[in-house]
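Below you'll find the structure, written out as structure tokens, and then a few comments.
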Protein chains: 2
Amino acid sequence: MSQTVRRALSIIEFFAERPRSLGEIAEHLGVHKSTALRLLQTLERGGFARSVDGRYTVGFRMVAIAHQAVEHLELHPVAHPHLVRLGDRYGHTVHLAQLVDDEIIYVAKVDGRGALKMRSRVGRAVNPHTSGVGKAILAHLDEPSRDRFLARLTYQRHTATSITTPAAFRQELARIAERGWAEDDGEFEDFVNCVAAPVRDARGRVVAAASITALRALAPLDQLREHLPQLTETCAAISRDLGWTGDQRP
Amino acid sequence: MSQTVRRALSIIEFFAERPRSLGEIAEHLGVHKSTALRLLQTLERGGFARSVDGRYTVGFRMVAIAHQAVEHLELHPVAHPHLVRLGDRYGHTVHLAQLVDDEIIYVAKVDGRGALKMRSRVGRAVNPHTSGVGKAILAHLDEPSRDRFLARLTYQRHTATSITTPAAFRQELARIAERGWAEDDGEFEDFVNCVAAPVRDARGRVVAAASITALRALAPLDQLREHLPQLTETCAAISRDLGWTGDQRP
DNA sequence: AGCAGTGGTTGCAACACTTGCAACAGATGG
DNA sequence: CCATCTGTTGCAAGTGTTGCAACCACTGCT
């Protein structure tokens, strides 16, 4: 492990929260300001940092690389048009989360027409046991992968409806697998609910899930459920674009 | 400047193009594979790299930070809903580019409904002399800033219609400033054209521009011009949301 | 005007950290 | 079963990093 690189990444994490001055950064790292400055200059020359009146923040080279990376995730370009159509139709927020190496990551997001924005962010990991997309994916995963995943969960409680025991969660997953879709009844934030459905790749394996999310005050769960036909059709369309013929369901 | 950090950034640039193996990366840097591995492990632990079957690529921590950074650019959250509405209306690609420290950067993009995607990418710098947004911003910039900008331009020719001399470009900017909007008549790629209009901040200064872009075969320039009222209205709406009252126009 | 508090810069000496090496485990594939 | 690859480790050598001190330039305050 490289100390210097670790420090550089730590700087990026630090000024990503909000722009930071040289002094703040040096103090945060616990190094002399000249040391911090030399690291910052290297980041700046690479486009990973930029300075604006004495404060440093994320550089645009880094933004461009990250966007490119998402577009390279084979799922994103295929799914995005479908998600936009779904978002248009109801004006609610639409998410797509993908299973990628033992993590479930938001890879696309279409903001709803409401004034409030969901706090989710492309690139961030999903909370598996308190999200519609997380449960939709886990419920349809093959046995060994699911077990591996579940073993790492902590079942932290976020709201009154959060599922907090392995047994209850397995039961919930079984129910989801049976009916083919999942919901989040305010399990992460009590004023937010959603419905979610799985997306399959060419071999029929569940690799992602899409969801329609809304404030409970704006669209309670029973109203979101009415959109399930369109949601599952959207997921089916994405799956078809990925090459799934509906033949296999392992 | 830190050699180690420079190497780390170079690695990121390298595997951003496409996933790379340890051997490739070591060779690219001209270092021993154990050295490359140690840097990679540091990046991986920070979430800036991830490995998938022996090849490395961009990690999700980096994606999340970059998305956060764009959302923190005060312009993006304000403008995005307006751009989406504009994109919906005609089905063409909509861009927003922002002037930020001597560069013009794409900060939002709404893909059109066509099968082809524009090659632009959020986070990337705009080509100022061959793009609608670039010209729209430059034309409405204050004298000193514009001169500083123009001094750095190279006027590279991309297509037959590219403007390649400072004199012709200044003339074009004057015309744009007068009528209040710009166009790109296949000046970067001959099969793509667009119309663009400026966005002003609370103090009346032009800080960004929005454009409607389409394949010439799908929507030639004279057809795009018909959308100008909606485009300028969109830009005015964004400007209003930024606090512009229309009083000042420096 | 003077002062205190910033950010930014530089040369240098000391040494901590990085580097290359070599050797090996383990996986993969012709 | 050999060839080739990634991944890992301990170690010696020395290069690159670090802290320091002193400095300039700028800002805002008194």
Side-chain angles (χ1 to χ4, degrees), chain A residues 1-61 100-103 144-145 148 203, chain B residues 1-61 69 72 100-103 144-145 148 203:
Chain A
M1 305 306 113
S2 161
Q3 177 185 238
T4 314
V5 173
R6 211 163 49 226
R7 282 177 174 166
L9 299 188
S10 173
I11 288 177
I12 293 175
E13 296 274 352
F14 190 56
F15 66 42
E17 291 173 23
R18 55 190 165 86
R20 305 284 190 170
S21 71
L22 175 63
E24 284 178 290
I25 292 169
E27 191 195 15
H28 176 71
L29 290 184
V31 299
H32 196 270
K33 65 169 181 162
S34 63
T35 303
L37 183 66
R38 283 184 280 243
L39 296 176
L40 279 167
Q41 285 173 331
T42 311
L43 291 173
E44 195 173 8
R45 275 176 36 167
F48 280 62
R50 72 191 161 98
S51 65
V52 35
D53 50 62
R55 300 160 81 75
Y56 293 85
T57 185
V58 178
F60 288 111
R61 183 77 198 118
V100 33
D101 344 306
D102 282 9
E103 273 191 312
S145 306
R148 203 149 25 88
R203 279 182 281 182
Chain B
M1 305 309 111
S2 161
Q3 178 185 193
T4 314
V5 175
R6 212 163 49 226
R7 281 177 174 164
L9 299 188
S10 172
I11 288 177
I12 294 175
E13 295 275 350
F14 190 56
F15 65 42
E17 292 173 22
R18 55 190 165 85
R20 306 282 190 171
S21 71
L22 174 63
E24 284 178 289
I25 292 169
E27 191 195 16
H28 176 71
L29 290 183
V31 299
H32 195 270
K33 65 166 182 162
S34 63
T35 303
L37 183 66
R38 282 184 279 241
L39 296 176
L40 279 166
Q41 285 172 332
T42 310
L43 291 173
E44 195 174 7
R45 275 179 32 170
F48 280 63
R50 70 193 161 99
S51 64
V52 34
D53 52 61
R55 301 159 79 76
Y56 294 85
T57 186
V58 179
F60 289 112
R61 184 76 197 117
H72 277 12
V100 32
D101 345 305
D102 282 10
E103 273 192 313
S145 306
R148 203 151 25 89
R203 279 181 282 182

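Owing to the predicted nature of the structure, the values given are computational and were not obtained by experimental measurement. Atoms considered below: every heavy atom in the structure, side chains included; atoms not considered: hydrogens, waters and symmetry mates.
- B:Arg7 and B:Gln3 share a donor-acceptor pair across their side chains, judged by distance under 3.5 Å alone.
- Where the helix from C:dA1-D:dT30 to C:dG30-D:dC1 starts and where it ends, the local axes point in directions that differ by 50°; five pairs per end, rounded to 10°.
- When each of A:Val5 and A:Glu24 is assigned the nucleotide of DNA chain C bearing its nearest heavy atom, the one mapping closer to the 5' terminus is A:Glu24.
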Residues A:Leu39, A:Leu29; criterion side chain to side chain contact (heavy atoms under 4.5 Å, CB included); working and verdict: CA-CA 11 Å; A:Leu39 296 176; A:Leu29 290 184; 4.3 Å; yes
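- Here the closest heavy-atom approach between residue A:Val58 and residue B:Ala69 is recorded as CB-CB, 3.7 Å.
- Between A:Ser21 atom OG and A:Lys33 atom NZ the span is 11.0 Å, to the nearest 0.5 Å.
- Atom-to-atom, CZ of B:Arg6 to C1' of D:dG16 comes out at 11 Å; the value is rounded to the nearest Å.
- Between B:Leu22 atom CG and D:dG7 atom C1' there is a gap of 8 Å when expressed in whole angstrom units.
- For the pair A:Val5 and B:Ala8, the tightest heavy-atom approach, listed with the atom from each and the gap, is CG2-CB, 3.8 Å.
- Residue-level contact check: B:Ser34 touches the bases, meaning some heavy atom is under 4.0 Å from a base atom.
- Across B:Phe14, B:Phe15, B:Tyr56, a single residue satisfies ring-ring contact (aromatic ring centres under 6.0 Å, His included) together with B:His28, and that is B:Phe14.
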Evaluate the criterion side chain to side chain contact (heavy atoms under 4.5 Å, CB included) for residue pair B:Arg50 and A:Val100; output intermediate values, then yes/no. CA-CA 10 Å; B:Arg50 70 193 161 99; A:Val100 33; 3.3 Å; yes
Check nucleotides 25-27 of chain C against the protein and report each pair of N or O atoms closer than 3.5 Å, with its distance, or say if there are none.
none

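- The CZ atom of B:Arg61 sits 10.5 Å away from atom CD1 of A:Ile12, with the distance rounded to the nearest 0.5 Å.
- Within the 4.0 Å cut-off from OP1 or OP2 of C:dG20, at least one side-chain nitrogen or oxygen of B:Thr35 is found.
- A:Leu43 CG to B:Arg6 CZ: the interatomic distance, rounded to the nearest 0.5 Å, is 12.0 Å.
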Determine whether B:Arg18 and B:Glu24 satisfy the following criterion, side chain to side chain contact (heavy atoms under 4.5 Å, CB included), listing intermediate values before the conclusion. CA-CA 11 Å; B:Arg18 55 190 165 85; B:Glu24 284 178 289; 4.0 Å; yes
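- In this structure, B:Arg55 atom CZ and C:dT28 atom P are separated by 15 Å, rounded to whole Å.
- Straight-line distance from the CD atom of A:Gln3 to the P atom of D:dT18: 6 Å, rounded to whole Å.
- Of the candidates C:dT19, D:dT18, C:dG7, D:dT18 carries the atom nearest the A:Thr4 side chain, counting heavy atoms from C-beta on.
- As a whole-Å value, the separation of B:His32 NE2 from D:dC11 C1' is 13 Å.
- The stretch residues 36-48 of chain A touches DNA chain D through A:Arg38, each having a heavy atom within less than 4.0 Å of the strand.
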Check the pair A:Ser145 / A:Arg148 against side chain to side chain contact (heavy atoms under 4.5 Å, CB included), numbers first and verdict last. CA-CA 5 Å; A:Ser145 306; A:Arg148 203 149 25 88; 3.7 Å; yes
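- Here B:Ser2 does not reach the OP1 or OP2 of D:dG16: none of its side-chain N or O atoms lies under 4.0 Å away.
- For the pair B:Met1 CE and D:dG16 P, the interatomic distance rounds to 15 Å; values are reported in whole Å.
- Scanning all heavy atoms of the two residues, the minimum distance from A:Leu22 to A:Ala36 falls at CD1-CB, 4.0 Å.
- Between the CD1 atom of A:Ile25 and the C1' atom of C:dT6 there is a distance of 14 Å, rounded to whole Å.
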